Amino acid sequence: MPAPLTLYDNYTRTLRRFEPLDPAGPVGVYTCGPTVYDYQHIGNFRTFLFEDILKRVLRWNGYAVRHVMNVTDVGHLTSDADTGEDKMEKGARRTGKTAWEIAQLYTDDFRENLARLNIEDATVLCRATDHIREQIEFIADLERNGYTYTTSDGVYFDTARQPDYGHLARLDVHGLDAGRRVDVGEKRRPTDFALWKFSPPGQQRQMEWDSPWGRGFPGWHIECSAMAQKYLGDYFDIHCGGEDHIPVHHTNEIAQTEARVGTRLANFWMHGYFLLLDNAKMAKSAGEFLRVQSLQERGYDPLVYRYLCLTAHYRTQMSFSWDAMDAAATALDRMRNGVYALRAEPPAAPDAGSVARFTGELNDDLNVPRALAVAWDVLRGDLPAPAKRATLVKFDEVLGLGLAGWVPREVPVPPEIRALADARAAARRARQWSDADRLRAELAAAGWDMEDQPEGYRLKAR
Ligand code: AMP
Ligand code: ZN
C-alpha cells in the first residue's frame with residue numbers, strides 16, 4: 001500500500017494528510033487565475049503547472065476534481081495597498097484598445113497557452129465582471145455584520161474587527177500598525193482593504209457599475225471569495241495561488257469569508273513558489289518577461305518548459321536559464337524517444353512495484369522531481385519491454401508530457417543533404433573509408449546525423 005496523500009497546508013504550516021471534506025463528492029479546488037491586462041508570463045504558468053499537477057495527483061488517488069478558476073478582469077490595482085490605477089484601465093491605455101477588448105484578447109491568449117503546456121482546463125472558468133451582483137451581495141452581508149466602513153473613495157473592510165486577521169501569513173498586524181510608513185489615506189489601518197471603490201468624481205471609467213454605496217467597481221479580493229463560495233460552497237477542500245498571494249490577497253479572502261459565513265474558505269491553502277529571472281521574481285510589472293511564445297520563437301517545444309517545471313518542487317523557487325531549458329529539452333527528447341522505441345510492444349499491465357514507488361513520491365507533498373526520477377529508473381531499468389511502456393504511459397497521466405502519442409518529427413531533408421548522404425553511402429559500399437568519413441563530417445557540419453542501417457541509412461536533424 002503506497003503512502004496516503006499528504007499535502008503542505010500553509011494555513012497550519014504543516015504537512016497534513018489529505019482527506020476530502022465530502023467523501024461522496026468531487027474534491028473542490030479553487031485557484032486564483034490570471035489578471036488579463038497583459039500576457040501571462042512563464043512565471044505565472046509555473047504556478048498554473050503546479051496546480052495542474054495537483055489536480056492530476058488528486059485524480060491519480062481516485063478522487064474526482066471540481067476546479068474553479070477566476071479571470072480577474074476588473075479591480076486589481078497597480079498597488080496591493082489599494083492605491084494606484086486599475087491594471088485593466090492602464091492596460092487599455094497602453095494598447096489603445098478598450099478594457100473589455102484587452103480582457104478578451106489576453107484571456108484567449110492565456111487559454112491557448114494552457115493547451116500548449118498541456119494544462120487541463122478548469123471545470124468552471126469565471127470572470128469577475130460576470131459576478132458583480134454576487135460581489136455586491138457579499139459586501140452587503142459584510143456591512144450588515146458590521147465589518148465595513150466608508151471613506152470618500154470606497155467601502156473598506158475593517159480588519160480590526162478580526163482578532164486573528166493575518167493568520168495565514170503570520171502577519172504582525174500591530175507592528176504594521178505602529179510602523180505606518182505607507183500613506184494609508186483615509187483607511188483606519190494599513191491592513192484594511194477596499195471592497196468597493198467609487199469611480200473618481202467627474203470621471204467615467206470603462207468598467208463601472210451601480211451599487212448601494214455609489215457607482216464604482218469591486219476590489220480585487222472580493223471576487224475570489226464571492227465566486228469560490230458560489231461555485232464551491234462555504235468551505236471547500238483546497239485553495240491555491242502563487243506565494244505572492246499569501247500576505248494580502250489570500251489573507252483578505254479568508255478575512256471576508258470568515259466575516260460572512262464563519263469559515264476560512266478552504267481546508268488546505270497551497271502556494272506555488274516563484275520562477276526567478278536574474279535572481280528576481282519574474283513579473284509583468286518589471287517590464288521584461290518571457291512568454292510561452294518567447295520559448296517557441298527560440299525553437300523550444302512548450303512541453304520542454306513543462307518538463308523543466310517538473311524538475312523542481314513546487315515549494316522551492318526556481319531560477320530560469322536557457323541552459324536549464326537546453327538540459328530539459330535533451331532529457332525530454334530522450335524520454336520521448338525511449339517510449340517511442342517501445343511503441344510496437346503489445347499491451348501489458350503497468351509494473352505494480354514501480355507504480356507504488358511513483359505514487360509514494362507524488363503523495364509526499366507532490367514530490368514530482370523524485371517521481372520523475374522513478375520514471376527514468378523504469379526507462380533505463382530491466383523490466384520487460386511491454387510492462388516498461390505501459391508503466392511509463394501510466395505515469396504520463398500525471399506528468400502530462402504526451403509520451404504515448406509522440407512521434408519523431410519528420411524534418412524534410414533538403415536535396416543537397418540527400419545528395420551528400422547518398423554519396424557517403426556509395427563510398428561506404430565501395431569501402432572508401434576516408435571519403436565516407438569526410439562526407440559524414442560535412443553532413444554533421446550542416447546539422448545532420450547519418451545512421452547506417454542494414455538496408456540503407458537514416459538521417460536525423462540535430
Ligand atoms: P496574476 O496574473 O498576476 O494575477 O498572476 C497569476 C498567477 O501567477 C498568480 O497565482 C500569481 O501568484 C502567480 N505568479 C505571479 N508571478 C509569478 C512568478 N514569477 N512565478 C510563479 N508564479 C507567479
Ligand atoms: Zn484570488
Side-chain angles (χ1 to χ4, degrees), residues 8-14 16 30-32 70 72 75-77 79-84 128 134-151 153-197 213 218-230 232-271:
Y8 188 80
D9 167 33
N10 254 324
Y11 192 86
T12 55
R13 303 243 166 134
T14 52
R16 293 170 53 208
Y30 185 92
T31 63
C32 291
N70 67 306
T72 300
H76 195 162
L77 303 187
S79 151
D80 276 354
D82 293 315
T83 52
E134 287 84 347
Q135 295 176 73
I136 289 175
E137 284 169 6
F138 204 120
I139 301 166
D141 280 351
L142 296 181
E143 185 176 44
R144 209 167 299 123
N145 294 350
Y147 283 90
T148 66
Y149 62 90
T150 304
T151 71
D153 74 352
V155 180
Y156 284 84
F157 186 94
D158 186 359
T159 55
R161 287 283 323 272
Q162 268 178 336
D164 66 342
Y165 174 83
H167 177 84
L168 173 72
R170 308 296 193 268
L171 287 186
D172 172 12
V173 176
H174 297 291
L176 281 173
D177 229 6
R180 277 205 184 244
R181 277 189 306 266
V182 283
D183 176 18
V184 296
E186 296 170 59
K187 285 201 295 191
R188 293 180 188 163
R189 266 190 167 189
T191 45
D192 292 353
F193 55 91
L195 297 164
W196 187 264
K197 291 277 274 190
W213 311 280
W220 169 36
H221 318 299
I222 196 74
E223 66 172 89
C224 286
S225 290
M227 293 191 282
Q229 205 185 342
K230 171 170 177 168
L232 293 169
D234 293 351
Y235 191 53
F236 56 88
D237 294 286
I238 308 175
H239 194 310
C240 303
E243 60 170 310
D244 51 335
H245 286 347
I246 300 170
V248 181
H249 183 53
H250 287 173
T251 290
N252 292 344
E253 281 187 45
I254 291 171
Q256 295 162 154
T257 309
E258 271 181 354
R260 189 188 200 191
V261 293
T263 72
R264 60 177 166 95
L265 194 58
N267 187 14
F268 281 78
W269 285 84
M270 297 178 68
H271 298 92

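Computed from a predicted model, the values in this text were never measured in an experiment. Just the heavy atoms: all of them, side chains too, but no hydrogens, waters or symmetry mates, feed the values below.
Tyr149 has its side chain within reach of Asp192: a pair of non-hydrogen atoms, C-beta onward, lies under 4.5 Å apart. In this structure, the side chains of Lys197 and Leu77 come closer than 4.5 Å at one or more pairs of heavy atoms. Within the 4.5 Å cutoff, side-chain heavy atoms of His239 are placed close to those of Cys32. Looking at Glu143 and Trp196, their side chains never come closer than 4.5 Å, going by heavy atoms from C-beta outward. Side-chain contact check for Thr159 versus Phe193: some heavy-atom pair is nearer than 4.5 Å. At least one side-chain heavy atom of Gln162 sits under 4.5 Å from a side-chain heavy atom of Tyr147. Between Arg161 and Asn145, every side-chain heavy-atom pair lies at or beyond the 4.5 Å cut-off. The closest side-chain heavy-atom distance from Gln229 to Phe236 is not below 4.5 Å.
Looking only at distances, a side-chain donor or acceptor of Ser225 sits under 3.5 Å from a matching main-chain atom of Glu253. The main-chain N or O of Ala128 is found under 3.5 Å from a side-chain atom of Gln135 such that the two form a donor-acceptor pair.
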Check the pair Ile254, His167 against side chain to side chain contact (heavy atoms under 4.5 Å, CB included), reporting the backbone distance first and the verdict last. CA-CA 9 Å; Ile254 291 171; His167 177 84; over 6 Å; no
Side chain to side chain contact (heavy atoms under 4.5 Å, CB included) between Asn70 and Tyr30, intermediate numbers included: CA-CA 8 Å; Asn70 67 306; Tyr30 185 92; 3.1 Å; yes
Test Thr251 against Tyr165 for side chain to side chain contact (heavy atoms under 4.5 Å, CB included), laying out the working first. CA-CA 8 Å; Thr251 290; Tyr165 174 83; 3.5 Å; yes
Would you check, one step at a time, whether the test side chain to side chain contact (heavy atoms under 4.5 Å, CB included) holds for His221 with Phe157? CA-CA 11 Å; His221 318 299; Phe157 186 94; over 6 Å; no
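Of all heavy-atom pairs between Leu142 and Gln256, the closest is CD2-O, 3.5 Å. Closest approach of Val155 to Thr148, counting heavy atoms only: CG1-CB, 3.9 Å. When every heavy atom of Arg170 is checked against every heavy atom of Asn10, the shortest pair comes out as NH1-O, 4.2 Å.
Salt-bridge formation is detected for the pair Arg260/Asp141: a Lys NZ or Arg NE/NH1/NH2 atom is positioned less than 4.0 Å from an Asp or Glu carboxylate oxygen.
Atom-to-atom distance recorded for Asp153:CG and Lys187:NZ is 9.5 Å, nearest 0.5 angstrom. Summarising the geometry, atom CZ belonging to Arg13 is positioned 7.0 Å from atom CG belonging to Leu168; distances are rounded to the nearest 0.5 Å. Here the straight-line distance linking atom CZ of Phe138 with atom CD1 of Ile222 works out to 5.0 Å at 0.5 Å rounding. Distance check, rounded to the nearest 0.5 Å: CH2 of Trp213 to CG of Leu195 gives 8.0 Å. Between Met227 atom CE and Thr72 atom OG1 the span is 6.5 Å, to the nearest 0.5 Å. Interatomic distance, CG of Asp9 versus NE2 of His271, reported as 9.5 Å (0.5 Å rounding).
No cation-pi contact links Arg188 to Tyr156, judged by a cut-off of 6.0 Å to the six-membered ring centre and 45° from its axis.
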